Amino acid sequence: MRATHLLPALLLHQLLLLPTAIPAAGIWIFQILKQAEEKVKLDERSQSLASYQHMVTTRAFAYDRVTKRCHWLSFNSLTNGVRKKQDHAFDLYEKKDYVRNCIIGKGADYKGTISVTKSGIQCQAWNSMIPHEHSFLPSSYRGKDLRENYCRNPRGEEGGPWCFTTSPETRHEVCDIPLCSEVECMTCNGESYRGPMDHTETGKECQRWDLQRPHKHKFRPERYPDKGFDDNYCRNPDGKPRPWCYTLDPNTPWEFCAIKTCGKSSLKELEILSFS
């Protein structure tokens, strides 16, 4: 699947962070999962385990269509200071956890940029002890992305992402980040659903439709071009009760996805889109 099918063209360029190996050219935005290396035309034989681990921990990578090489990026399209411009020389692959605007389950994997609590208080930076001292330092919670003052849930606690606040009267508070299952909705049994839900109702990550691992299946995008088999998004191509997907769990071939039925207001919006 081409990146151009999903989002408009954007250029990533940051003077302080951009490695000299990255040409100052355009990049098409495209979101990926952990198995993204299977989609990119890399010479995998020359890729070391260290390179793979580096890809998993970085926020994005740029694929050069000419040299068929990847350049790891420590920033993404949402990073402050990024300049945007159109070009077709590169594809940008971003990890979904860094650009998702909703949470899965308790939000332990949320790595977005919301930095305001539910009551509207600005968050305190994680590496700051003012006005509240704490032990949640980025160095103590490696891999939890405790950067800037963004809402996080480093221990996977109930309530979802939270932060210490800049108000001396309020030590910490949860942030108002919706569950992805509350944001997405469908009509009838979801056969027409084309949204970005990519986790099952038990929280398992979906397998890409254009891959045959870990589960082989018949629903190849090229065979069913009208079924909306984009990325690893939940779909209902065979008339099941609701959208579903194959999972990345080798022991669970497929599961239904938690997508609610659209309310009246959502249905009106869908009708306007359908007849416009």
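Since the structure is predicted, the reported quantities are computational estimates derived from the model, not experimental observations. Side chains are part of it too, since the values below use all heavy atoms of this structure and drop only hydrogens, waters and symmetry mates.
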Residue set satisfying salt bridge (charged side-chain N to carboxylate O under 4.0 Å, His left out) with Lys260, at least two apart, ordered chain then number -> none
Kindly state each residue pair satisfying salt bridge (Lys or Arg N to Asp or Glu O under 4.0 Å) with at least one member in residues 105-130, sequence neighbours excluded.
-> Lys106-Glu158
With sequence neighbours excluded, give me every disulfide (SG to SG under 2.5 Å) pair touching residues 113-145.
-> Cys123-Cys163
Ion pair check, Arg220 and Asp210, cut-off under 4.0 Å = no
By side chain to side chain contact (heavy atoms under 4.5 Å, CB included), Glu157 pairs with (sequence neighbours left out) Asn153, Arg155, Trp162
Thinking salt bridges, do Lys204 and Asp198 make one under a 4.0 Å N-O criterion?
-> no
Set of residues satisfying ring-ring contact (aromatic ring centres under 6.0 Å, His included) with respect to Tyr246, sequence neighbours excluded = Trp209, His217, Trp244
Among all residues two or more places apart in sequence or in another chain, which pass the salt bridge (charged side-chain N to carboxylate O under 4.0 Å, His left out) test with Glu191?
-> none
Cation-aromatic face contact Arg59/Phe75, 6.0 Å, 45 degrees | no
Across all chains, not counting sequence neighbours, the salt bridge (charged side-chain N to carboxylate O under 4.0 Å, His left out) partners of Asp176 are none
N/O donor to acceptor pairs below 3.5 angstrom from side-chain atoms of residues 221-228, sequence neighbours left out:
none

Worked check of salt bridge (Lys or Arg N to Asp or Glu O under 4.0 Å) between Arg208 and Asp230 | CA-CA 8 Å; Arg208 290 183 62 97; Asp230 299 325; over 6 Å; no
Worked verdict on Gln122 versus Thr165 for side chain to side chain donor-acceptor pair (under 3.5 Å) = CA-CA 6 Å; Gln122 193 72 22; Thr165 82; over 6 Å; no
The ring-ring contact (aromatic ring centres under 6.0 Å, His included) partners of Tyr193 (sequence neighbours excluded) come to none
So, for Tyr141 and Phe136, is the gap between ring centers shorter than 6.0 Å?
-> yes
Remaining members of the apolar cluster that contains Leu137, side-chain heavy atoms under 4.5 Å | Met129
Any luck finding a side-chain donor-acceptor pair between Thr202 and Thr200 under 3.5 Å?
-> yes
Taking only residues two or more places apart in sequence or in another chain, which ones pass salt bridge (charged side-chain N to carboxylate O under 4.0 Å, His left out) with Arg147?
-> Asp145
Pairwise side-chain contact, His71 with Asp64, heavy-atom cut-off 4.5 Å (strictly under) = yes
For Ser119, check side chain to side chain contact (heavy atoms under 4.5 Å, CB included) against everything at least two apart and list the hits.
-> Thr117, Ile121, Glu173
